[in-house]
Number of protein chains: 2
Amino acid sequence: MKRNDFSQWDCALARTVDVIGDWWTPLILRDAARGVTTFDDFHLSLGISRNTLTQRLNSLVDHGVLAKTLYSERPKRYRYALTEQGVDLVPVLMAMASWGQKWLQDVSPPFRVRHKRCGHEATAMVVCACCGEPLALSDLEPLPKGESA
Amino acid sequence: MKRNDFSQWDCALARTVDVIGDWWTPLILRDAARGVTTFDDFHLSLGISRNTLTQRLNSLVDHGVLAKTLYSERPKRYRYALTEQGVDLVPVLMAMASWGQKWLQDVSPPFRVRHKRCGHEATAMVVCACCGEPLALSDLEPLPKGESA
DNA sequence: AATAGTGAGTTCACTATTGGAACTGAGTCG
DNA sequence: CGACTCAGTTCCAATAGTGAACTCACTATT
């Protein structure tokens, strides 16, 4: 495929896509968020081929999204777990899933979880970090250049 | 690559990944949100190869994310624009970009836009649709099965 | 002691996708 | 007439993904 490399682009979206923008990575992360930790469990749960899984896992570790730790010296056994950076990606995955639930037919949520803060089932919504109102393209307009607020 | 087909999976995340989960699609959508509409402008802006662009554009149209309209009969000229479904994807892209800005070095926002509702520069945040609090994995716990709230 | 099983990969052959460049075709401009 | 624009299509070589089998270091079973 001679995949294009976005790692030098000066765009937050392109750089994020460089980390999680393939077909398997978001699902690996979904499983990690659900508590899957071992190589074979990822393989079993997703049906991803083993060499691709090796690459993805290594790439996520390189990018600091997953951490690989040895949990048994003999025989050597490893565990993959979300780092703080990876944990922070979970809401983004939930936002993607929310879109899917709204617009695609016959889909279940990727995780059925309860939001401890309110006690209800958690569903993601993307809002403006500043005013808390839902973000919508129609409420956005180009920033006059040079302006920062 | 014999790309895996997630279109039959019963998981909102997997199905969403099936629509936008490759390296180019989020960037095509970013450009569309910025106002790019024609085939050549996408090609020029992204540097994507033309045959891949054709495929991606067709796939997005098939999925109902973009709409293709004829805006000149002779010569035939087409315009690609975000549908309502596509517009609804923009906040998700912004959430991805926010993550990139937080965790990756040397990145600029994909669009510098003003949020008309509050007047400030828009930055995305993912919250619980129910209580409006920021979503974080640490606040989530598995739902007792059968329970829906 | 021999066999089976587990976790974590690697190797191999095969196939599908991508990138890049060139090409087509319809129509407009000077 | 020749050059140019838009919207693709065609072709090839390079690369990435798949599935199956294999390795290696241990542990458990019979």
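Small disclaimer: the values here were computed from a predicted structure and weren't measured. Lettering of chains follows the sequences in order, A, B, ..., and the numbering in each one begins at 1.
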Can Arg77(A) be said to sit on top of Tyr71(A)'s aromatic six-ring, NZ or CZ under 6.0 Å from centre and within 45° of the ring axis?
no
Phosphate OP1/OP2 of dT18(C): any Gln55(B) side-chain N/O under 4.0 Å
yes
Does a side-chain N or O of Thr52(B) approach OP1 or OP2 of dG19(C) to a distance below 4.0 Å, or not?
yes
Does a side chain donor of either Asp22(A) or Thr25(A) reach within less than 3.5 Å of an acceptor in the other side chain?
yes
Could you check how far CG of Leu70(A) sits from P of dA25(D), rounded to whole Å?
16 Å
Does dT30(D) have a Watson-Crick or wobble mate here (both distances under 3.5 Å), and if so which one?
dA1(C)
Does dG7(C) pair with anything, Watson-Crick or G-U wobble, both distances under 3.5 Å, and if so, with which nucleotide?
dC24(D)
Here the distance between atom C1' of dA7(D) and atom CG of Leu44(B), to the nearest Å, is 14 Å
Do Lys68(B)'s NZ or CZ and the ring of Tyr80(B) fall within the cation-pi criteria of under 6.0 Å and 45°?
no
Residue closer to the 5' end of DNA chain D, Asp22(A) versus Pro75(A) (nearest nucleotide):
Asp22(A)
Find the distance Leu53(A):CG to dA20(D):P and express it as a whole number of Å.
16 Å
Salt bridge check: are Asp139(B) and Lys116(A) linked by an N-O gap of less than 4.0 Å?
no
Are more than 12 heavy atoms from other residues, nucleotides or ligands located less than 6.0 Å from atom CG of Asp10(A)?
yes
I'd like to know if the side chain of Thr52(B) and the backbone of Ile48(B) have a donor-acceptor N/O pair within less than 3.5 Å.
no
More 5' along DNA chain D: Gly47(A) or Glu73(A), using each one's nearest nucleotide?
Gly47(A)
Any side-chain N or O of Trp24(B) under 4.0 Å from OP1/OP2 of dT18(C)?
no
Between CG of Asn58(A) and P of dT10(C) the distance, given in whole Å, is 7 Å
Thr54(A) has a side chain; which of dT10(C), dT18(D), dC11(D) sits nearest to it?
dT10(C)
Indicate yes or no: does Arg34(B) engage Asp31(B) in a salt bridge with an N to O separation below 4.0 Å.
yes
Walk along nucleotides 2-8 of chain C from 5' to 3' and tag each nucleotide B, S or - by protein heavy-atom contact under 4.0 Å, base first, then sugar-phosphate.
----BBB
Counting only distance, no hydrogens or angles, is the base of dG19(C) paired donor-acceptor with the side chain of Asn51(B) under 3.5 Å?
yes
